[in-house]
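See structure below.
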Amino acid sequence: MQKYSQTKAMLAITSASLRAISRSPSAIVFSIFFPLIFILVFGFIGGGGSPSYQLVLDAKSDTLNPIFDSLKAFSNVNFVSYTNEEELRSDLIKGRITGILKIDKSVFANSEPSYLVQFNSTTSSSDKIATFLPFLENIISKIDNVVYPGKPSVAQILPPQIEQIRQYRTIDFILPGQLGFSLLSSGIFGVAFLFFSLRQQLVLKRFFATPIKRGYIILGEGLSRVIFQMATAVIIIAIGYFVFNFTLVHGWLTFLEIMILCFIALLVFMGFGFIISGLAKHESSIPPLANIITLPQFLLAGTFFSIDAFPLWLQPISRALPLTYFNDAMRKISFEGAHLSDCWPQIAILVGWGIVAYAVAIKVFKWE
């Protein structure tokens, strides 16, 4: 008699479950179409309306001059300050600030022009630079006409210093967040509904009548979810890369590291799905329980906006969420060129969340 193969039985469960998932409209919508809608919206988003300029005034600048006063009077000009040079550098690279402005008193003997204006930025802000420099020239021209009529210009704009770097596009921020939310939704909603349904319909109980072991049942069902969601991750990244020029710094190496990160994150998020499937007493109670976990992360984990834009009292809550660490690691790997080994703090916190989730899941999980 041929020995019963636990592996073959597990793969059969995986195959059947994978077919069931692929035929589920909700799985397709939440895993692929829902994230893609946001990616398409932000990918095609235009730069309509009046441009706004986020500027940093060089610490050595003279602030008692009409140029600085005039710039401050415009509602679309905002001067921001930084105490951390690394943070300033990061925001310059990502195009979050238009550039650094330096206004010095002239050293010319005749004091004409009275001021020298130097502007430094990066190619990440090239679209803003194209409108800001004419805007600045126009301001100086108006000052000349009103305050210094008949005299040489009050200021000379020196050739701008623009550093050539990779352009940080909106898609480079949005896609990691949407991919993370796709993994989170699939891991929680998919697993919770799947195992609750299997338990309610006594499918798990029927499995016990076969020689297959419990662990292989979970592995088979879990493996189908992993295969499906990893395939959706490939689709999302491919559309982002080929349609919207999503940045993969090191090409295939970056892609492979992203897939490993997605695999780790998905396993963690599935732990929360197991918790909900164990706690839920009715199928209708699954969405509220799942939303308690997913909705705060969708809104607060840096999915659409940088956590730094949130109020200070809210930022510690945002930094406690597991999706935040996936998003951070994903953006570091895809755009900044970091490797998995460089993202060990984010991965360690993700794994820590996973350990807690599975410890709770073991306590509350029910087979019947």
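A donor-acceptor distance shorter than 3.5 angstrom exists from the side chain of Ser125 to the backbone of Ile97, with no hydrogens or angles considered. With hydrogens and angles ignored, the 3.5 Å screen pairs a side-chain donor or acceptor of Ser61 with a backbone N or O of Asp58. Side-chain atoms of Ser141 never come within 3.5 Å of backbone atoms of Glu137 as a donor-acceptor pair (strictly under, hydrogens ignored). With Gln118 contributing its side chain and Leu158 its backbone, the two residues share no donor-acceptor pair below 3.5 Å. Not a single donor-acceptor pair under 3.5 Å links the side chain of Ser334 to the backbone N or O of Leu248.
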Let me check something: any side-chain donor-acceptor pairs from residues 309-317 under 3.5 Å, sequence neighbours excluded? List them with distances.
unit_1 : atom_1 : unit_2 : atom_2 : d
Gln315 : NE2    : Asp308 : O      : 3.4
Gln315 : NE2    : Phe310 : O      : 2.9

Distance-only donor-acceptor hits, side chain of residues 237-247, under 3.5 Å, sequence neighbours excluded:
unit_1 : atom_1 : unit_2 : atom_2 : d
Thr247 : OG1    : Asp172 : OD1    : 3.1
Thr247 : OG1    : Asp172 : OD2    : 3.2

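With a 6.0 Å radius and a threshold of 12 heavy atoms from other residues, nucleotides or ligands, Lys332 has its NZ atom at or below the threshold. Surrounding OH of Tyr82 are more than 12 heavy atoms belonging to other residues, nucleotides or ligands, all under 6.0 Å away.
Note that CD1 of Ile129 and CD1 of Ile162 are 3.5 Å apart. Values are rounded to the nearest 0.5 Å. Separation of atoms CD1 (Ile139) and CG (Asp69) is listed at 11.5 Å; rounding is to 0.5 Å. With rounding to the nearest 0.5 angstrom, the CZ atom of Arg225 is 11.5 Å from the CD1 atom of Ile227. Separation of atoms CD1 (Ile276) and CD1 (Ile292) is listed at 8.0 Å; rounding is to 0.5 Å. A distance of 12.5 Å separates NZ of Lys281 from CD1 of Ile286, quoted to the nearest 0.5 Å.
Ring geometry, Phe298 versus Phe304: the interplanar angle exceeds 60°, so the pair is classed perpendicular (tilted spans 30 to 60°). Between Phe326 and Phe269, the two ring planes are perpendicular [angle over 60°; tilted spans 30° to 60°].
The aromatic ring centroids of Tyr53 and Phe135 lie less than 6.0 Å from each other. Checked against the 6.0 Å centroid criterion, the rings of Phe119 and Phe132 qualify as a close aromatic pair.
Side-chain contact check for Leu133 versus Pro160: some heavy-atom pair is nearer than 4.5 Å.
A side chain to side chain donor-acceptor pair (under 3.5 Å) check over residues 339-356, counting only residues at least two apart or in different chains, returns the pairs Glu257-His339.
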